[in-house]
There are 2 protein chains.
Amino acid sequence: MRHRLKDVAERAGVSVKTVSNVVNGYLHVKPDTRARVEEAIAELNYRPNLSARNLRKGRTGVIALAVPELDIPYFAELARHVVAAAADHGWTVLIDQTGGRREQERVAAAGIGDHMIDGLIFSPLALTADDLAALDGLPTVLLGERVDHGPADHVAIDNVTAAREMTAHLIGLGRRRIAAIGDQRTPEGASARLRLAGYAAALADAGIDYDERLVAPAPVWHRADGAAAMRQLLASGVRPDAVFCFNDTLALGALRALHEAGLKVPDDVAVAGFDDIEDGRFSVPTLTTVSPDKEQIARLAVELLAGRLAGDREAPPRELTAPHHLTPRESTHP
Amino acid sequence: MRHRLKDVAERAGVSVKTVSNVVNGYLHVKPDTRARVEEAIAELNYRPNLSARNLRKGRTGVIALAVPELDIPYFAELARHVVAAAADHGWTVLIDQTGGRREQERVAAAGIGDHMIDGLIFSPLALTADDLAALDGLPTVLLGERVDHGPADHVAIDNVTAAREMTAHLIGLGRRRIAAIGDQRTPEGASARLRLAGYAAALADAGIDYDERLVAPAPVWHRADGAAAMRQLLASGVRPDAVFCFNDTLALGALRALHEAGLKVPDDVAVAGFDDIEDGRFSVPTLTTVSPDKEQIARLAVELLAGRLAGDREAPPRELTAPHHLTPRESTHP
DNA sequence: CAGGCTTTCTACAACGTTGTAAGCAACGTT
DNA sequence: AACGTTGCTTACAACGTTGTAGAAAGCCTG
């Protein structure tokens, strides 16, 4: 029971184009013609066929958001903000879950629904700049650190500064044996590299030696990895009095491992995370963290995309930095 | 630099339709013609325009998933499974976030991208059966409890049984003063009603009186609401020795409030949740919960939709029940 | 060798929409 | 009276694709 412009036109006794004009808010339509058409639209419950409209206009009104995993809270929260920001522009968001796998990300990069989307906001893990080149004209905004001088617009927070501030916060509490969890030496580990650099810089600022035994790798940044890394640190005999985890889920895992080891947080070991996910506000203890302004990240990304779509397709790639701040909570405050 | 069938056809020296046939895997194409066409496709990096294809075929290959909030872990995890199950059918999933607001849900129900999607998997909070009637032919599968005898296919777990089992589990630990958190008397609170019914049934089974003072309402089921409800229960002077929270985020909030009140879990108060979200596996203490088989829910939903799309549009609505089980963890085990 | 089948390919129309150009009144200006 | 302007409406073509119908050529069957 789907109706077309033609059905409405016949019912209202006007041409198809006049109905189209009414639907699109064209000005020069006589009030009583408009009324008749609107009545017919209501009676038939007419709604435009977007595929046809898109075909005609070359625009779909849909943008895609590609993230590694939806059930990683950071991405879920980010997705929420992107959907909200896109709604302000009248766009629908198609959310794609890449799993961080390179193949799947290439599919996303290749344009998902091919011509089905006007633009792409992309938080890649495994993708290279070359893969992105394959986007071939699809306006794209990158989030996160993976491809930081790629061919596309880019939004991120200043990871080095944020990590440096957090480490300095721990030092300010009097801690000196500060561990770091989340090191990654793979090409995908750009965030890890930046955060590690900030950590090292803060140690240097305070004249504390960088001790490699205090730096624990974590191939993925899930809770289980944080717990495993923490256990390993404890087992190795190095006795940290603080841990800076490169994201909140790692930190929540570390909290869990410390609890199992009978250590008190923050008395024995202070713990800090990164991302400010909802969970950290209700954990026991609540989690000190770096709070990226996710709403701002989403808004900037959508606006960059809007700019591209509005015309300046050929402008050079822009790099925007979103604000962040430190959120001290119980895990570092007695 | 987007090319069309016509461009490929010219390059390969064949008709547009022959290229279409190659693209669609039509059988009767001479091998060397096919090769020439494929070469041209590769050279031009041709990809079909889905809007045009959809217009022609009346199908889009996109289904929508509408959930209240993406950053509620249960929905994020569910979304992940739906995306995976849909991928097996070659579908892309458009994820829509309704915010649980009736207006927004109506928009979702009205077909989101209007003609842009082939079907809808919908987890409504605020919607009535009448609103759903407005779907007007769009194949739809409902998740959750809101409209349990509506006009559409429906997948859910047996909430009453699950809640009864969990309450029985608490009784089996020797607890007698078992509180419930998450009561809702609003029309949206169908899940709450079912879970409360299961709770009451288990108490009756064990010959324990139902005490209204032990039942705490929670208008929304976020962590903050769970914490608030728990604080209020404690302040009211009723001294529960166990709490059954109607979902995991409520339970995590309750854990937090108990911690603040200096009560030990599970020694002083046992805590149980519902949903088995990832967070509950790493909380301190880990959270006993009802585990709905989310993967199965997603798979059943997608398959119901597939059935409708394959033809039997007029079949009566089906009600499927997905399995669940109890997952005991530290919050009820010493 | 006529008739029919198969293989390979093509022309055309149609899906539902909107931009363009143009038509037709009614009005005001010279 | 002739002309331009403005307001409203319409016919037509086009967006890129695929289904239908059918043409052309080759092959088999009797």
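Proteins come first, then strands; the chains are lettered A, B, ... in the order of their sequence lines, and each starts at number 1.
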Below the 4.0 Å mark, does D/dC15 have OP1 or OP2 next to a side-chain nitrogen or oxygen of A/Arg56? no
In whole Å, I'd like the distance from the CG atom of B/Asn54 to the C1' atom of D/dT18. 12 Å
Strictly below 4.0 Å: does B/Ser15 bring a side-chain N or O up to OP1 or OP2 of C/dC9? no
Taking the side chain as every heavy atom from C-beta outward, state whether B/Ile95 and B/Val93 have any pair of such atoms under 4.5 Å apart. yes
Euclidean distance, atom CG of residue B/Leu27 to atom P of C/dT6 [Å, nearest integer]: 14 Å
By nearest-nucleotide position on DNA chain D, the 5'-leaning member of B/Ala52 and B/Tyr26 is B/Ala52
In Å, rounded to the nearest 0.5 Å, how long is the span from CD of A/Glu303 to CZ of A/Arg318? 10.5 Å
Distance below 4.0 Å between A/Asn24 side-chain N/O and C/dT18 OP1 or OP2: yes
What is the distance, rounded to the nearest whole Å, between atom CG of A/Asp7 and atom C1' of C/dG16? 11 Å
When the ring planes of A/His28 and A/Tyr26 are compared, do they come out parallel, tilted or perpendicular, using 30° and 60° as the limits? perpendicular
Of the listed nucleotides D/dT9, D/dT17, C/dT8, the one nearest the side chain of B/His28: C/dT8
Residues of residues 32-43 of chain A with any non-hydrogen atom less than 4.0 angstrom from an atom of DNA chain D: list those, numerically ordered, please. A/Thr33
Find out whether A/Asp118 and A/Val62 are in side-chain contact, i.e. whether some heavy atom of one side chain is under 4.5 Å from a heavy atom of the other. no
Once you round it to whole Å, what is the distance between C1' of D/dG16 and CZ of B/Arg47? 15 Å
Would you please name every residue forming a side-chain contact (heavy atoms from CB on, under 4.5 Å) with A/Glu295, sequence neighbours left out? A/His81, A/Asp293
Per-helix bend value, the helix from C/dC1-D/dG30 to C/dT30-D/dA1, C1' rotation axes over five pairs per end, 10° rounding, shows 50°
Within the structure shown, what part of the strands sits under 4.0 Å from B/Asn21 by heavy-atom distance: base, sugar-phosphate, or nothing? base
Rounded to the nearest 0.5 Å, how far apart are CZ of A/Phe75 and CG of B/Leu70? 13.5 Å
B/Lys17 (side chain) and D/dG19 (base): donor-acceptor pair under 3.5 Å: yes
Would you find a donor on one side and an acceptor on the other, under 3.5 Å apart, between the side chain of A/Glu77 and the backbone of A/Glu278? yes
Taking the side chain as C-beta and beyond, is there a heavy-atom pair between A/Ile63 and A/Leu120 under 4.5 Å? no
Using side-chain heavy atoms (C-beta onward) and a distance below 4.5 Å, is B/Ile297 in contact with B/Pro292? yes
Is there a side-chain polar atom (N or O) of B/Thr18 under 4.0 Å from OP1 or OP2 of C/dC9? no
Students often get this wrong, so: under 4.0 angstrom with heavy atoms, is B/Lys30 touching a base, only sugar-phosphate, or nothing? sugar-phosphate
Roughly how many Å is it from CG in A/Leu55 to C1' in C/dA14, rounded to a whole number? 12 Å
Quick check: do A/Asp153 and A/Leu320 have side-chain heavy atoms less than 4.5 Å from each other? no
Candidate nucleotides D/dG16, C/dT18, C/dT17, ranked by approach to the side chain of A/Lys57 - the nearest: C/dT18
Whole angstroms only, please: what is the NE2-P distance between A/His3 and C/dT17? 12 Å
Between the side chain of B/Arg11 and the main-chain N/O of B/Ala40, is any donor-acceptor distance below 3.5 Å? no
Rounded to whole Å, CG of A/Asn49 lies from C1' of D/dG16 at a distance of 14 Å
Look at the side chain of B/Arg53 and the base of D/dT17, then say whether one donor and one acceptor between them are separated by less than 3.5 Å. no
A/Lys6 (side chain) and C/dG16 (base): donor-acceptor pair under 3.5 Å: no
Regarding B/Tyr46, tell me which of base, sugar-phosphate or nothing describes its non-hydrogen contacts under 4.0 Å with the strands shown. sugar-phosphate
Whole angstrom is fine here: how far is it from CZ in B/Arg59 over to C1' in D/dT18? 15 Å
